[in-house]
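All of these numbers come straight from a predicted model, not from anything done at the bench. One-based numbering along the sequence shown.
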Amino acid sequence: MTEAEELQYGILLGETPRPEPEDERADGSAVTRLSSWWNHLRCLRCGHTFRRGDSVRVNDRERTVLHLAPVLNCGIPRPEDAGADEEIAAFREGLRLAWPATQGVRLRRLAADDWRIPKGPDDVREANVCLECGHTFRPGEYVIVCPCRPEQAAGPDGPTLDAGCGRAVHRDPAAGLSCWDSWRPDGTVPVCPVTQTAVRWRLPR
């Protein structure tokens with residue numbers, strides 16, 4: 001087989017859909033896959049979306065799912081393991097420094113009380129989800145916030161009517177969320193996609 005034929009064969013294999021294993025069924029733990037029926041749905045306890053890779057407790061008969069991710073505390077109590085938290089924080093910071101965002105773009109790490117983080121299953125505002133991936137924001141994640149909203153104009157429940165959108169995009173490769181790089185790889189957004197405000201999203205290079 002020539003190199004050209006090997007290349008074509010590799011492309012064919014890459015384009016051929018491969019069946020994924022069956023999701024775990026009924027009263028058990030599972031890992032969220034792209035094919036999982038609960039992928040992108042919201043947890044009925046915390047209000048966060050289920051992402052690919054999330055550990056969950058699923059009851060397929062009752063069609064209920066709970067997060068097993070310690071940061072969300074839905075299906076299990078958070079283990080008291082400060083050492084593991086420190087390692088995760090060090091890894092995240094190291095990756096952020098090794099893979100910086102576009103020059104001039106301000107990264108923000110979301111605090112647990114940030115208004116963009118859902119407060120429960122009934123909190124389904126659009127501002128609670130990333131403009132690129134559509135998933136909710138979780139405490140400690142790095143994001144890029146639309147600069148059409150002046151900081152001083154935001155209240156505890158979000159921006160006021162004349163303050164702009166307050167929307168954000170994930171930029172947290174340590175969490176597998178490189179949404180900003182996929183959405184705006186050149187680092188510029190000439191118009192806010194929500195308010196249609198011009199110029200404010202044209203970030204410095």
Side-chain angles (χ1 to χ4, degrees), residues 17-93 95-96 107-145 156-158 165-183:
R18 294 173 180 265
E20 294 192 26
E22 285 290 316
D23 294 319
E24 289 86 339
R25 299 292 181 182
D27 298 320
S29 61
V31 176
T32 305
R33 304 184 180 95
L34 289 178
S35 60
S36 301
W37 60 261
W38 62 87
N39 184 36
H40 260 90
L41 297 180
R42 286 179 180 259
C43 178
L44 295 178
R45 183 166 294 177
C46 69
H48 283 275
T49 54
F50 295 104
R51 301 176 183 171
R52 181 181 182 183
D54 277 350
S55 294
V56 299
R57 178 173 294 134
V58 57
N59 185 319
D60 194 61
R61 288 188 298 269
E62 298 182 6
R63 304 296 275 187
T64 59
V65 190
L66 290 176
H67 283 106
L68 293 180
V71 70
L72 298 176
N73 298 330
C74 295
I76 54 173
R78 182 185 176 97
E80 297 298 328
D81 188 354
D85 287 344
E86 291 175 3
E87 289 183 10
I88 293 171
F91 172 75
R92 174 170 277 170
E93 181 64 13
L95 187 55
R96 185 183 68 82
L107 280 180
R108 175 180 301 169
R109 192 175 186 195
L110 296 179
D113 61 351
D114 191 282
W115 64 269
R116 296 170 192 83
I117 295 175
K119 303 302 186 288
D122 297 326
D123 189 0
V124 293
R125 294 170 295 154
E126 287 187 359
N128 287 343
V129 298
C130 172
L131 283 167
E132 169 66 4
C133 71
H135 280 297
T136 52
F137 300 108
R138 299 180 182 180
E141 291 181 339
Y142 285 101
V143 301
I144 295 172
V145 178
D157 298 320
C165 70
R167 299 295 296 274
V169 181
H170 287 112
R171 209 293 170 174
D172 198 337
L177 299 166
S178 303
C179 304
W180 171 261
D181 304 87
S182 300
W183 190 49

Decide yes or no on side chain to side chain contact (heavy atoms under 4.5 Å, CB included) for Cys43 and Leu72, but give the supporting numbers first.
CA-CA 10 Å; Cys43 178; Leu72 298 176; over 6 Å; no

Heavy-atom closest pair (Asp123 atom, Pro118 atom, distance to 0.1 Å) is OD2-CA, 3.7 Å

Nearest heavy-atom approach of Arg116 to Gly166 is NE-O, 3.0 Å

For Phe137 and Ala168, the nearest pair of non-hydrogen atoms, with its separation, is CZ-O, 3.4 Å

Would Ile144 and Leu107 count as a side chain to side chain contact (heavy atoms under 4.5 Å, CB included) if you check the C-alpha gap in whole Å, the side-chain angles of each, and the deciding distance to 0.1 Å?
CA-CA 5 Å; Ile144 295 172; Leu107 280 180; 3.8 Å; yes

Rounded to the nearest 0.5 Å, what separation is found between the CD atom of Glu141 and the CG atom of Leu110?
7.0 Å

Atom CD of Glu132 and atom OG of Ser178: how far apart are they, to the nearest 0.5 Å?
10.5 Å

Any chance you could lay out the side chain to side chain contact (heavy atoms under 4.5 Å, CB included) test for Asp181 and Arg171, step after step, and finish with the verdict?
CA-CA 7 Å; Asp181 304 87; Arg171 209 293 170 174; 3.0 Å; yes

Taking all non-hydrogen atoms of both residues into account, name the closest pair between Arg108 and Val145 and its distance.
NH1-CG2, 3.6 Å

Suppose we screen for salt bridge (charged side-chain N to carboxylate O under 4.0 Å, His left out). Which residues come up paired with Arg42, at least two apart in sequence or across chains?
none

Checking side chain to side chain contact (heavy atoms under 4.5 Å, CB included) for the pair Leu177/Arg51: CA distance, chi angles, key distance, verdict?
CA-CA 10 Å; Leu177 299 166; Arg51 301 176 183 171; 3.3 Å; yes

Using the side-chain hydrogen bond (donor to acceptor under 3.5 Å, both in side chains) criterion, which residues pair with Thr136? Sequence neighbours excluded.
His48, Thr49

Show the nearest heavy-atom pair for residues Cys133 and His170, with the distance to one decimal.
SG-ND1, 3.5 Å

Rounded to the nearest 0.5 Å, how far apart are CH2 of Trp38 and CG of Asp60?
7.5 Å

Atom CD1 in Ile117, atom SG in Cys46: separation rounded to 0.5 Å?
11.5 Å

Rounded at 0.5 Å granularity, tell me how far NZ in Lys119 sits from CG in Asn128.
7.0 Å

Could Asp54 and Arg138 be called an ion pair, given the rule that one side-chain N must be under 4.0 Å from one carboxylate O?
yes

Salt bridge (charged side-chain N to carboxylate O under 4.0 Å, His left out) filter on Glu126, not counting sequence neighbours, yields Arg167

Closest non-hydrogen atoms of Phe50 and His67, given as atom of the first, atom of the second and distance, are CD2-NE2, 3.3 Å

